[in-house]
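The block underneath contains the structure these notes are about, expressed in C-alpha cells.
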Amino acid sequence: MSDASRRSFLASALTAGAGLKMAASPSSTKLEMPVRTLGKTGLKVTVLGFGCMTTSDPAVIEKAVDMGITYFDTARVYQSGNNERMVGAALKKARKNIVLSTKTPAKTGAQAMETLETSLKELGTDYVDIWYLHSREKPEAIPDELFEAQETAQKQGKVRFRGVSFHGGHAVMVPWLIEKKRTDVILVSYNFMMDASMDGLMEQADKAGVGVVAMKVMAGGFRNNKPGSAQYDRLKKDKAMPTALKWAVRRPCVHTSIPGIQDLDMLDENFKAVATGWKQEDAGVLAAHMDYIRPLYCSMCGHCEGQCAKGLPVSDIIRYVSYVEGYGEFALGRENWLQLAAHHQAVRCTECDQCTVNCPKGVRVFDRVSRAQELFA
C-alpha cells in the first residue's frame, strides 16, 4: 500500500461503535470502558483487554481487574512458562468474573493436550475460556488432529471456546478458518501500519460470528520505557502509543484488544485511550509516527516470504527485534530467536554480497535482520 493510500486509510477511520454496556473506571475522571460481544461465544468483554506477555508485576493485573477489565491473555510459552503461573495467581479471586485465554505451540494433538494440562495447573483453574493454537500463519500449520484436540478439550469441559492466533497470513487464514467452522475466536495482528484490506477481513470474521481479538495494536511499540530518554519524551508528548490503540479498536468488528501492559502508568494510559475513543484529529498523530517507524516495523504482509537467499523467515526475525527495541523485552526476543532452526541462527547477513530481500513498504531489512543477529546470536 502506498504512503498516500495508508494516510487515507488513517484519515477515513471511523469512531468505535458503542458497546452493549460499560465498565466504569474508579479513577476521578469517571471514564467508562465500552464492552462488546466476542462473536457467537456470547462472552461480554471490555474493548481494552490485557496482554500479559510482558507483565512481571501481578499488582498491575490485579489493578486492571479493579478497573473493570475483563479479558486477560497469556500463553504456555511466555516468560519460559512462568507467565501462566503469575497470571493465575493474580486472577485467582476474580476467576469467575473474567475471560481467561491461553495458547499452545504444540504441533500434534497429543502434545496439545499435554500442554493444556500444564496450563491449567499453572493457571490454577479447571478450565480456560479460550484456548488458542498459537502462531499459525498457514493452514498447513493446523492439521486436523489439533482441531480435534480442541474439540476433545471442549467436551471435557477444560476449554469453553476454540481459538487460533496468527501474526501474518490474514488474507488466507481468515477465510479458511471461517470455512472450516472449527474456530470460535481469532487473535490477530491488527494495527495502523497494516494494509487497508485488513479492515475488510476483520469485518468478514465478525459477520461470520467469529470473535476478533486484536494484538500487536501498537505496531511494535518503539517506546523506550526509561523516563528522560528522547524517545520516551517524544512518545509521551505526541501520544503515539495510546492513539495507535484507539485506532485498532475504533470499529465494532474488533471485539477486544490485548496490548502489552507492563506498569500502572501504561494501564491508566490505555484505559483512558480506549474509553475516550478514536477522533478524526488522531489521524495526524499516527501519520507522523508512521514516518518514524516505517524503516523499523514489519507489518507481516508476506511480500518478503521466500526472497532471502539463505531462507531466513525475515518477518519473524524482525518481529523479534521489535520485542527488544519496542517493548524493552530482550528475553522475549531471544526466546523466540532460539526457536529458529539451527542453520537459520547460524546465518550472518554480512556474509552476503547483496541482500536479496526487497520490502515494498520501506523496512530496512538488512539492518533489522543484522541487528537481530547482533543481539541474539
Side-chain angles (χ1 to χ4, degrees), residues 49-66 69-96 98-108 110-136 149 153 158-159 163 165 167 187 213 215-216 218 220-221 223 225-226 257-267 270 316 319-340 345 372 375-376:
F50 195 120
C52 301
M53 179 177 71
T54 59
T55 309
S56 57
D57 185 356
V60 182
I61 296 175
E62 293 168 358
K63 179 62 176 178
V65 172
D66 292 341
I69 292 175
T70 61
Y71 187 94
F72 295 83
D73 176 87
T74 181
R76 179 83 291 274
V77 295
Y78 292 166
Q79 297 176 351
S80 301
N82 296 317
N83 191 257
E84 285 181 325
R85 188 179 310 123
M86 182 272 293
V87 170
L91 293 173
K92 185 176 182 179
K93 294 180 180 179
R95 179 65 189 93
K96 295 182 179 180
I98 57 97
V99 174
L100 178 61
S101 67
T102 192
K103 317 180 193 74
T104 178
K107 300 298 188 291
T108 69
Q111 291 172 351
M113 296 302 290
E114 184 178 346
T115 62
L116 176 60
E117 292 299 331
T118 303
S119 289
L120 294 176
K121 179 181 178 181
E122 296 293 332
L123 288 166
T125 185
D126 295 329
Y127 69 96
V128 289
D129 297 286
I130 305 165
W131 186 37
Y132 292 102
L133 303 175
H134 188 37
S135 195
R136 317 286 166 153
K158 297 176 181 178
V159 170
S165 75
H167 299 89
L187 170 60
V213 182
M215 64 173 168
K216 310 303 180 192
M218 294 174 179
R223 159 176 25 205
N225 291 315
K226 295 180 181 179
S257 58
I258 54 164
I261 301 176
Q262 298 170 322
D263 54 45
L264 294 175
D265 285 343
M266 280 189 186
L267 175 60
N270 290 345
D316 286 333
R319 175 161 56 88
Y320 306 158
V321 178
S322 296
Y323 288 151
V324 179
E325 299 183 347
Y327 306 132
E329 290 288 328
F330 175 83
L332 178 62
R334 180 160 171 74
E335 182 179 324
N336 279 271
W337 168 269
L338 292 175
Q339 293 176 22
L340 293 173
Q345 292 184 42
L375 286 168
F376 307 130

Next item on the list: For the pair Asn336 and Asp316, evaluate side chain to side chain contact (heavy atoms under 4.5 Å, CB included) and give the outcome as yes or no after the intermediate values.
Entry: CA-CA 9 Å; Asn336 279 271; Asp316 286 333; over 6 Å; no
[atom1]/[X] to [atom2]/[Y] distance, rounded to the nearest 0.5 angstrom?
{"X": "Ile61", "Y": "Phe50", "atom1": "CD1", "atom2": "CZ", "value": "5.0 Å"}
{"X": "Tyr320", "Y": "Glu335", "atom1": "OH", "atom2": "CD", "value": "10.5 Å"}
{"X": "Leu332", "Y": "Ser322", "atom1": "CG", "atom2": "OG", "value": "11.0 Å"}
{"X": "Leu267", "Y": "Ile261", "atom1": "CG", "atom2": "CD1", "value": "5.0 Å"}
{"X": "Ser135", "Y": "Gln339", "atom1": "OG", "atom2": "CD", "value": "9.0 Å"}
{"X": "Lys216", "Y": "Ser257", "atom1": "NZ", "atom2": "OG", "value": "13.0 Å"}

Margin query: Side chains of Tyr78 and Thr102: any donor to acceptor distance under 3.5 Å?
Written below: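 Judged by distance alone, the side chains do not pair up.
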Note to self: Is there a side chain to side chain contact (heavy atoms under 4.5 Å, CB included) between Asp73 and Leu187? Walk through the geometry before answering.
What the structure shows: CA-CA 10 Å; Asp73 176 87; Leu187 170 60; 4.0 Å; yes
Next item on the list: Using the six-membered ring wherever Trp is involved, compare the ring planes of Trp337 and Phe376 and label them parallel, tilted or perpendicular (cut-offs 30° and 60°).
Entry: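 If you compare the ring of Trp337 with that of Phe376, the planes turn out tilted.
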Please report the shortest heavy-atom distance between [X] and [Y], naming the atom on each side.
{"X": "Asn83", "Y": "Cys52", "value": "ND2-O, 2.8 Å"}
{"X": "Tyr132", "Y": "Ser165", "value": "CD2-N, 4.1 Å"}
{"X": "Ala112", "Y": "Ala149", "value": "CB-CB, 4.2 Å"}
{"X": "Thr54", "Y": "Gly260", "value": "OG1-CA, 4.1 Å"}
{"X": "Tyr71", "Y": "Ser101", "value": "OH-OG, 3.2 Å"}

Check: Is the shortest side-chain N to carboxylate O distance from Lys63 to Asp66 below 4.0 Å?
Finding: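 No.
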Any side-chain heavy atom of [X] sitting closer than 4.5 Å to one from [Y]?
{"X": "Asn270", "Y": "Met218", "answer": "yes"}
{"X": "Thr55", "Y": "Met86", "answer": "yes"}
{"X": "Val128", "Y": "Leu120", "answer": "yes"}

Note to self: Which residues pass the side-chain hydrogen bond (donor to acceptor under 3.5 Å, both in side chains) test with Glu117, not counting sequence neighbours?
What the structure shows: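 Scan of Glu117 (side-chain hydrogen bond (donor to acceptor under 3.5 Å, both in side chains), adjacent residues dropped) gives Lys158.
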Check: Does Arg95 have any side-chain hydrogen bond (donor to acceptor under 3.5 Å, both in side chains) partners at least two apart in sequence or in another chain, and if so, which?
Finding: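 Listed in chain order: Thr125, Asp129.
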Checklist line | side-chain hydrogen bond (donor to acceptor under 3.5 Å, both in side chains) partner of Arg76, the single match among His134, Glu122, Glu84 | finding: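 Only match with Arg76 under side-chain hydrogen bond (donor to acceptor under 3.5 Å, both in side chains): Glu84.
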Checklist line | Leu116 vs Thr104, side chain to side chain contact (heavy atoms under 4.5 Å, CB included): CA-CA, chis, key distance, verdict | finding: CA-CA 7 Å; Leu116 176 60; Thr104 178; over 6 Å; no
Next item on the list: Apply the test side chain to side chain contact (heavy atoms under 4.5 Å, CB included) to residues Gln345 and Leu338: give CA-CA distance (whole Å), side-chain angles for both, the deciding distance (0.1 Å), then the verdict.
Entry: CA-CA 8 Å; Gln345 292 184 42; Leu338 292 175; 3.8 Å; yes
Notebook entry, point to check: Is a side-chain donor or acceptor of Lys93 paired with a backbone partner of Leu91 at a separation under 3.5 angstrom?
Noted result: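 Side chain of Lys93 to backbone of Leu91: no pair is present.
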